[in-house]
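Everything on this sheet refers to the single structure shown next.
In the text below, chain A, chain B and the rest are named by the order of the sequence lines, each starting its count at 1. Owing to the predicted nature of the structure, the values given are computational and were not obtained by experimental measurement. What you see below is based on every heavy atom in this structure, not just the backbone, and it leaves out hydrogens, waters and symmetry mates.
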Amino acid sequence: MHISNLSTLLNKFLTIKQLNQIHSLILINALNHLEPILVRQIIVSSGSFHQTHITKYVKLILNHMQHRDVSPLGYAIRFLCQHSQFQDAVVLYVQLQSSGVFPNTYSVSSSLKAYGKINYKVGGISVHAQVHKFGFDGVVYVQTALLDFYSKMGDIRTAHKVFDEMSGKNVVSWNCVLSGYVKYGDLDTARHVFDEMPERDIVSWNVMVSGYGRAGEMDRAYALFKEMSERSSSSWNVMIRGYIDCRKMELARGFFDAMPQRNSISCISMISGYSKCGDVESAEEIFDKEQEKDQLLYNAMIACYAQNGRPKKALQLFDEMLQPTLNIRPDKMTLASAVSACSQLGDLEFGSRIESYMSDVGIRMDDYLSTALIDMHAKSGSIDKAFELFHGLQKKDIVAYSAMILGCGINGRGNDAVKLFEEMMDSNVAPNLATITGILSAYNHAGLVEEGYRCFNSMQKYGLFPSVDHYAIMVDLLGKAGRLEEACELIKKMPVQPHSGVWGALLLACNLHNNLELGEIAAAKCFELEPDSTGYRSLLANIYAYSGRWDEAKRLREDIQESGINKVPGCSWT
DNA sequence: ATAGGGTTAG
């Protein structure tokens, strides 16, 4: 086929914005005869395709190229960076090197960005060495990319060294250094740089305001913000973000409402802020008002539902997002939240739908997503599957350990839970409240009172204070072992108000061991805290019946009949 | 082509 025909064909493909199997085959066959310049053009133009197809497409082209020319490769690397496929970008850069192709400035600066994003310092340093070798020292884009890389790695010394050696410093290079000090947390030096800069643009101001915001110094942030001669959406967004971080939602909302041009980022910040405060309704309000909903906005709202005990709504919205007309695809983050929702619902079926979806569209697993799946499988009883995923993790962090330990606990694998806990301590991962909940649940399941006590009492050693839920598990553990008075004493000593789960656990134990005296006390508290729940009444009725107090038992059961359907008491620690 | 603002797991 002739080149000009190919170009026509290509343009046609590009205008229909979709490629099926046959299109791809024709194209790939044709590509073997293409000039590198044309391949480059394809890669650049493929930006008009749907995002999930792009990387696949770029990879297809590259795999079928005969000419390993730097120009298309450099473009491809930059292209992958622009679409947040940093891992792929790095892989491509390594391929480029090993095939003996001379890198260009595009590939070098893009690969530096990619190494920065995936947090791989050694990779960036090796690029630095090559920069020297290939004589790109004087190229301002490469120098800036290097400077920014070291800044992002927190290596402010090397960053400064690169900065000092730069031939033509401009605002961007100054901004990179400034942002380096801000990231490093050295606000005084950052302010010094800010004051000494020969020229400041809006980015410099935004970086400085954001620095104060991140440090919680909102007064200073606001002072600078007021001083700005012009403001961009980011200027307002960093103020919003600062107020959200110190949980001042009203102030954040004030800035949100006052800003002249809200964008998707402003909305996402507000939604996640409301989400952290448990204010789902306000988050919904923001979400519903926004006309142009993008992927990240959906992600934020789905996460909000999943994090605030609305798993059904989370999955509803996830389904809505999948509507082909919307032209948005879920990504790892969406899936992590959706999996978390499935886990809360115990819905393995939806969960495995997600797993097959991942392999269909080629979403690679990461530790976040794995951890969500671990939790889901562990809670649904597939503890072996959970272990398999757990062993495949790149880095086992506190969340992964906690999910695994809790999973073992509720599946009756107390020994494994303890083993995991010890392994975790050995690898210097400090436990938090959720981990303790997991390990206590394991002891509870196995009926190991002394071990439970020891763990409960050791919490202070890690700077942790038992929450109501921890007390509830301890009460359950003591109660089931028949140590009812001890359980009662523990409740009395609680520094926080016990919720119905705590008294409910005691009531359950009183039912188990037929203790009327304490049962009445516990039941009274339960009725007070959850007047609508009939489950507690039937537990007390049982105790009365066992003790031969038939009248009281009968009276309670009639109460229950009247109030209608039997409700199960809430067990908040499960 | 280089800089600033956003979303994820127990």
Side-chain angles (χ1 to χ4, degrees), chain A residues 74-75 77-79 81-82 104-110 112-113 139-149 151-152 166 170-180 182-183 201-211 213-214 232-242 244 263-273 275 294-304 306-307 330-341 343-344 366-376 378-379 393 397-407 431-438:
Chain A
Y75 264 100
I77 294 171
R78 181 169 65 98
F79 184 81
C81 279
Q82 283 168 350
N104 57 9
T105 49
Y106 284 95
S107 47
V108 168
S109 48
S110 300
L112 278 169
K113 187 183 185 142
V139 183
V140 63
Y141 294 116
V142 175
Q143 288 173 317
T144 315
L146 268 174
L147 165 57
D148 191 45
F149 168 77
S151 281
K152 288 210 167 73
M166 274 181 86
N170 56 25
V171 203
V172 179
S173 12
W174 278 93
N175 285 344
C176 287
V177 176
L178 180 64
S179 144
V182 162
K183 283 224 167 66
D201 66 0
I202 195 155
V203 175
S204 335
W205 286 84
N206 289 345
V207 170
M208 203 59 229
V209 173
S210 132
R214 269 161 210 275
S232 61
S233 297
S234 321
S235 326
W236 291 85
N237 288 340
V238 293
M239 287 300 290
I240 291 176
R241 178 60 208 227
I244 287 175
N263 59 16
S264 148
I265 293 177
S266 338
C267 298
I268 290 164
S269 298
M270 288 305 291
I271 291 175
S272 80
S275 173
D294 63 5
Q295 185 200 47
L296 272 77
L297 197 69
Y298 268 97
N299 282 1
M301 197 60 226
I302 293 173
C304 174
Q307 286 290 299
D331 66 355
K332 288 173 196 181
M333 294 190 190
T334 332
L335 295 179
S337 295
V339 170
S340 156
S343 170
Q344 291 172 49
D366 69 352
D367 281 0
Y368 261 99
L369 195 44
S370 288
T371 308
L373 285 165
I374 287 171
D375 175 62
M376 185 184 78
K379 286 216 177 91
L393 288 175
D397 72 351
I398 183 71
V399 183
Y401 270 113
S402 303
M404 232 20 245
I405 289 171
L406 187 65
N432 61 20
L433 290 176
T435 332
I436 304 289
T437 303

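- Qualifying ring pair (Phe, Tyr, Trp, His ring centres under 6.0 Å) partners for A:Y298, counting only residues two or more places apart in sequence or in other chains: A:F287.
- Here A:S264 lies in heavy-atom contact (under 4.0 Å) with a base.
- In this structure, A:D397 reaches the bases: a heavy-atom distance under 4.0 Å links it to at least one base atom across the strands shown.
- No contact: A:A145 has no heavy atom under 4.0 Å from any strand.
- Partners of A:N170 according to the side chain to side chain donor-acceptor pair (under 3.5 Å) rule, which considers only residues two or more places apart in sequence or in another chain, are A:S173.
- Side chains of A:I244 and A:S269 form a contact here, defined as non-hydrogen atoms less than 4.5 Å apart.
- Base contact: A:T105 has a heavy atom under 4.0 Å from a base atom.
- Where DNA chain B meets chain A (any atom under 4.0 Å from a heavy atom), the bounding nucleotides read 5' to 3' are B:dA1 to B:dG10.
- Residue A:S233 is in base contact, counting any heavy-atom pair closer than 4.0 Å across all strands shown.
- Applying the salt bridge (charged side-chain N to carboxylate O under 4.0 Å, His left out) rule to A:K152 yields the partners A:D148; only residues at least two apart in sequence or on another chain are considered.
- A:D331 comes within 4.0 angstrom of nothing in the nucleic acid, heavy atoms only.
- Evaluation of the side chain to side chain donor-acceptor pair (under 3.5 Å) rule for A:S210 yields no partner, not counting sequence neighbours.
- At the heavy-atom level, A:N104 lies nowhere under 4.0 Å from the strands shown.
- At a threshold of 4.0 angstrom between heavy atoms, the contacts of A:S232 include nucleobase atoms, whether or not backbone atoms are also involved.
- Legend: residues meeting side chain to side chain donor-acceptor pair (under 3.5 Å) with A:S275, ordered by chain and number and at least two apart, are A:N308.
- As judged by a 4.0 angstrom heavy-atom cut-off over every strand, A:T435 is placed among the base-contacting residues.
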